[in-house]
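Here is the structure we will look at.
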There are 2 protein chains.
Amino acid sequence: MKTIEIDDELYQYIAGQTQHIGESASSILRRLLAIETKELVIKPSNQLADISTLVKLVYSDNFLAEKKLVNRFISILSTLYLCNKSLFSVAAASLHGSKRRYLAKNEETLLRSGNNTKPKLIPDTPYMVITNSNTARKIYIIESLMQNMAISTHIIEQVTKQFVTK
Amino acid sequence: MKTIEIDDELYQYIAGQTQHIGESASSILRRLLAIETKELVIKPSNQLADISTLVKLVYSDNFLAEKKLVNRFISILSTLYLCNKSLFSVAAASLHGSKRRYLAKNEETLLRSGNNTKPKLIPDTPYMVITNSNTARKIYIIESLMQNMAISTHIIEQVTKQFVTK
DNA sequence: GAAATGATCGCGGGGATCTTTC
DNA sequence: ACGAAAGATCCCCGCGATCATT
């Protein structure tokens, strides 16, 4: 459970939507947001996405509309984290080059590990990635991560293939 | 202010709807619930798009995620065409500077009307726009178009305000 | 010498700023 | 001649190929 703060008026509005005595805020809000929330409700409670999310991503119009590989790179990383936070964290911790660290929660770590590493935040994630690398290295990073996260070879192939699609 | 308790999944969902860094829970919820309400109440015509499409666009995650003003510029133009093709065409025909033509169906027209006008195709549209201009001129172009399309001042203000959001 | 990794720097696009026109 | 509007040059910055290093 989490706690959020809302203004009094909004609170009254939500409370006014109660359908049975003792109904929880979550229950009311889920009903009000029903359309958007539907898919979320049927998912296992401790996982927000599965691997199909990753596959969908790399074939999506949005993804393919993005021409800059950095952005494709980062959105793949963001989705990988979403798929499995703990596996991602383990994989991220053991991924590095001879000098450079590739992923870290701390910008300093990445800055100190090399010159001009250009760390960027991975959205919806506590992690940052190094960005100053050529395409081959970006592929290496996502491939390594996926392998360490025990993602099937078939899916890894699809993702890397879509990654470089021009 | 009041505090409510919600489950983690729902919390994630709501947090994921954040449109601006630091946006409050109230703000997010109000938007989600307001849009929801509006859609239930207003559903009179069977048009493919109305002006609300434009408003939704400029508040959408996708739009705000795009930091380059050219791209915001072009997506607004694309939506304006979708909203009303004939009004758009009329407005486009009468919009130009002292030398430059701003919109045309023909690239040549735009190239010949000035130097380095950098015409770009407006997606889902038979039109092209010139792109080599500063922010003020881009605002001028969308403002003029919207005015000539008889869009309300209030909406024009919202669109131009969101356009330059950083 | 070859392969793997690092990081410099060339290239292109965006749009502020300078130039020109009205 | 002066200010405002419009045009378009060109600086800045990000991307990532290419070159340097291990």
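Letters A, B, ... mirror the listed sequences (proteins, then strands); counts begin at 1. Keep in mind that this is a model prediction, so the values were computed, not measured.
Using a 4.5 Å heavy-atom threshold, the side chains of A:Ile76 and A:Phe63 count as touching. Under the 4.5 Å side-chain criterion, counting only non-hydrogen atoms from C-beta, A:Lys138 is in contact with A:Phe163. Residues A:Lys85 and A:Thr125 fail the side-chain proximity criterion, which asks for heavy atoms closer than 4.5 Å.
A:Leu69 places its CG atom 11 Å from the C1' atom of D:dA17, with the value rounded to the nearest Å. In this entry the distance linking CZ of A:Arg112 with P of C:dA7 reads 15 Å, nearest Å. At whole-Å resolution of the value, NZ in B:Lys120 and C1' in C:dG15 are 11 Å apart. Atoms NZ (A:Lys67) and P (C:dG13) sit 9 Å apart, rounded to a whole Å. Rounded to an integer number of Å, the gap from CD1 of B:Ile139 to P of D:dA6 is 14 Å. Whole-Å rounding puts the B:Ile74 CD1 to C:dG15 P distance at 10 Å. The interatomic distance linking B:Ile141 (CD1) with D:dA6 (P) rounds to 10 Å, in whole Å. Rounding to whole angstrom units, CG of residue B:Leu110 and C1' of D:dA8 are separated by 15 Å.
Using modelled atom types, one finds no donor on one side chain facing an acceptor on the other under 3.5 Å when comparing B:Ser133 with B:Tyr102. A side-chain N or O of B:Ser86 and one of B:Asn84 form a donor-acceptor pair less than 3.5 Å apart.
Residue A:Lys99 places no side-chain N or O under 4.0 Å from the OP1 or OP2 atom of C:dA4. Under 4.0 angstrom from either OP1 or OP2 of C:dA16 there lies at least one side-chain N or O belonging to B:Thr135. Contact between the side-chain N/O atoms of A:Tyr140 and the OP1/OP2 oxygens of C:dG6 is not found at any separation under 4.0 Å.
Between A:Ala136 and B:Ile130, the one whose closest nucleotide on DNA chain D sits nearer the 5' end is B:Ile130.
Between A:Tyr127 and A:Phe88, the angle of the ring planes goes over 60°, which puts this pair in the perpendicular group of the 30/60° scheme.
Residues that satisfy the side-chain hydrogen bond (donor to acceptor under 3.5 Å, both in side chains) test with B:Asp7, not counting sequence neighbours, are A:Ser26, A:Arg30.
Between D:dA17, C:dG14, D:dG16, one nucleotide has an atom nearer to the side chain of A:Val70 than all others, and that is D:dG16. Between D:dG7, C:dT5, D:dG16, one nucleotide has an atom nearer to the side chain of B:Tyr102 than all others, and that is D:dG7.
A distance-only check finds a donor-acceptor pair linking the side chain of B:Lys67 to the backbone of B:Leu64 [under 3.5 Å]. With hydrogens and angles disregarded, a donor-acceptor distance shorter than 3.5 Å links the side chain of B:Arg72 to the backbone of B:Gln162.
From one end of the helix from C:dA3-D:dT22 to C:dC22-D:dG3 to the other, with five pairs defining each end axis, the axis direction shifts by 30° (rounded to 10°).
Under 4.0 Å is where a charged nitrogen must lie from a carboxylate oxygen, and between B:Lys161 and B:Glu157 no such pair does.
Counting any heavy atom pair closer than 4.0 Å across all strands shown, B:Phe73 reaches no nucleic acid atom.
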Provide a list of protein-nucleic acid N or O atom pairs under 3.5 angstrom, restricted to nucleotides 8-12 of chain C.
residue	atom	partner	partner atom	Å
C:dT8	OP2	A:Asn116	ND2	2.1
C:dT8	O4	A:Asn132	ND2	3.0

